[in-house]
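For ligands, and for the atoms within them, numbers begin at 1 and follow the listed sequence. Position 1 is the first residue of the sequence; numbering continues from there. Below, all heavy atoms of this structure are taken into account, side chains as well, without hydrogens, waters or symmetry copies.
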Amino acid sequence: MDTLEKYRRYVNTACVKAVEPVVISHARGARIIDEAGRSYTDLFAGISVVNAGHCNPEVVAAAKAQMDRLVHGCAYVYHIPAVADLAEKLAQVTPGRLQKSFFGSGGAEANEGAMRLAKQFTGRQEFISLTGSFHGRSVGTLSITGNCARKRGGGPFLPGCAYHPAPSCYRCPYAMTYPGCDLHCARELERTIQFGTAGNVAAFVAEPVQGEGGIIVPPPGYFQEIKRVLDRHGILLVVDEVQAGFGRTGRLFAIEHWGVEPDILTMAKGIADGFPLSAFIAREEVADSFRPGDHLSTFGGNPVSCAAALANIAFFEREGLCDQAAAKGTAFMAALRELQAGQPLIGDVRGLGLMVGVELVRDQQKSPASEAAEKVKALMREKGFLIGLGGTYGNVLRLQPPLVIEPADLQLAVAALAECLAEV
Ligand SMILES: Cc1ncc(COP(=O)(O)O)c(C=O)c1O
């Protein structure tokens, strides 16, 4: 029985539209090789995970070395050097006074923990998040996820969750235009607090750049204004860097673009270049509001994943991977915008660094071209390029390659995309 057949019989894939018909044999850098020996350029990085490249030799070597010493000890029962070293490093590389990390295994777990910590610190219970957001698949994180398609049939969700319109300039919820809008979408947070909550808000949780929501980059000044409103109400800012973090946007953490210090920052995906690990980090006074019994994770802070994360960050620093992402992303988006000029299907090209979205529309009214997006993804795969889809209407091509990708591969991807768009 081959892999596809085993999947059909034994893997529960009923929760996804389809698993891509690619059986991965091995991968390196931004290259994926299937079982038949066919080579693909990876423009999705396992949903924005292998930022330092598939099977980065330095990350793999660090993990192997750790495996020979200790695979599991439980970071919250015993002291483990790799956990301590990584926590120290994260305190150094995260913005502002963020200092103490709690480690888990996945993004949802990090966000759940951050929500719990925010409640503990503030003594409040409510949350505000953004429309179009995605924060994970647990009940708590789905409760603050602003997307019906992810929640349908899964409720009831947590009470005390309010939604604030996302800063989506291409589809502005207030039909305004930046900068004339004077950041109306950020200022309106006052009204969401006043009319959408019971005044008992622990935290505002937001992705600095929405990923699943279709690569929504807020306008300059947005997070500064949001923070001003939150500070007036004593509400914590939790920044979900699960997808935008680890160099993806051209800074190690996307919130650094705007010089705003979050109260809690969550991370996962790119933290260990594919080894399962997540963390939320907070200022000491916030972190220390946990009391014994409040939180734990059996696998959280797995030593192999922590060793991989340390090697990953060392690789980032030595190779200047954040700067690489910024430069490659700028050139990539310039080429995509050139393509947009002669291609009416492309409504918008947006992004930061190598977190890039191409929104396809059917007409001047911006009707989502969701079917065309599906076709383009399939055609790109046939041409040897793997991409993702996202956005509320599934019409945004998500281009989030490993940051080590060669610039020439990005230019080839644009040429392939031009052909695919002409074919749909
Ligand atoms: C911003 C964001 N937060 C949280 C998650 C959930 O992460 P995980 O699937 O590791 O639980 C995701 C996953 O796509 C994400 O993009």
Side-chain angles (χ1 to χ4, degrees), residues 12-13 15-17 19 44-51 102-118 127 129-147 149-151 154 157 161 163 166-168 203-218 223 237-249 252-255 262 264-281 297 299-302 305 308-309 351-357 387-392 394 396 398-400:
N12 188 344
T13 58
C15 52
V16 291
K17 223 187 246 175
V19 177
F44 204 29
I47 320 188
S48 201
V49 170
V50 288
N51 295 358
F102 182 96
F103 294 104
S105 303
E109 190 186 355
N111 287 332
E112 279 282 350
M115 290 170 75
R116 178 74 193 259
L117 183 61
F127 291 96
S129 54
L130 293 173
T131 56
S133 60
F134 181 72
H135 297 291
R137 302 284 187 166
S138 58
V139 171
T141 55
L142 274 178
S143 299
I144 57 164
T145 285
N147 183 346
R150 301 284 164 268
K151 300 163 87 160
F157 294 103
C161 295
Y163 302 94
S168 168
F204 172 83
V205 186
E207 298 158 80
V209 177
Q210 287 189 349
E212 306 299 305
I215 318 294
I216 307 297
V217 186
F223 272 104
L237 173 62
V238 176
V239 170
D240 176 351
E241 294 264 8
V242 167
Q243 188 160 153
F246 281 90
R248 170 67 43 202
T249 69
L252 198 57
F253 297 100
I255 196 70
I264 307 176
L265 183 153
T266 68
M267 59 194 110
K269 290 191 189 280
I271 185 172
D273 202 36
F275 287 87
L277 184 69
S278 68
F280 58 93
I281 185 166
S297 171
F299 288 122
N302 172 268
S305 294
L352 259 185
L354 282 172
M355 189 166 184
V356 176
I387 69 170
L389 289 188
T392 306
V396 180
R398 283 165 65 196
L399 307 170
Q400 299 170 261

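Nearest protein heavy-atom contact of atom 10 (O) of ligand 1 is Gly107 N, 2.8 Å. Atom 11 (O) of ligand 1 has Ala108 N, 2.8 Å as its closest protein atom, hydrogens excluded (heavy atom only). Looking only at protein heavy atoms, the nearest one to atom 3 (N) of ligand 1 is Asp240 OD2, 2.8 Å. Scanning the protein for heavy atoms near atom 14 (O) of ligand 1, the closest one is Lys269 NZ, 3.0 Å. Among all protein heavy atoms, the one lying closest to atom 16 (O) of ligand 1 is Gln243 NE2, 2.7 Å.
Using a 4.0 Å cut-off between charged side-chain N and carboxylate O, Arg398 and Glu212 make a salt bridge.
Heavy atoms of Gln210 stay at 4.0 angstrom or farther from ligand 1.
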Glu241/Ile255 under side-chain contact (heavy atoms from CB on, under 4.5 Å): CA gap, chis, key distance, verdict: CA-CA 8 Å; Glu241 294 264 8; Ile255 196 70; 3.4 Å; yes
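Counted by atom type alone, Arg248 and Ser48 present one or more donor-acceptor pairs between their side chains at under 3.5 Å. Side chain to side chain, Ser138 and Glu112 meet the donor-acceptor criterion of an N or O pair below 3.5 Å.
Atom numbering of ligand 1 starts at 1 in the shown order; those under 4.0 Å from a heavy atom of Glu212 are 14 (O). Close approach of ligand 1 to Gly106 (heavy-atom distance below 4.0 Å) involves ligand atoms 10 (O).
Contacts between Arg137 and ligand 1 below 4.0 angstrom, taking non-hydrogen atoms only, are absent altogether. Residue-level proximity to ligand 1 for Glu207 is carried by the side chain, the only part with a heavy atom below 4.0 angstrom.
Summarising the contacts of atom 15 (C) of ligand 1 with Asn111, Val242, Leu277, Thr141, the nearest heavy atom is found in Val242.
Not counting sequence neighbours, Phe157 has no partner by the ring pair (Phe, Tyr, Trp, His ring centres under 6.0 Å) test.
Between Phe246 and Phe253, the angle of the ring planes goes over 60°, which puts this pair in the perpendicular group of the 30/60° scheme.
Heavy-atom minimum distance, Ala272 versus Ser305: CB-O, 3.6 Å.
In this structure, Phe204 has its ring center no closer than 6.0 Å to that of Phe127.
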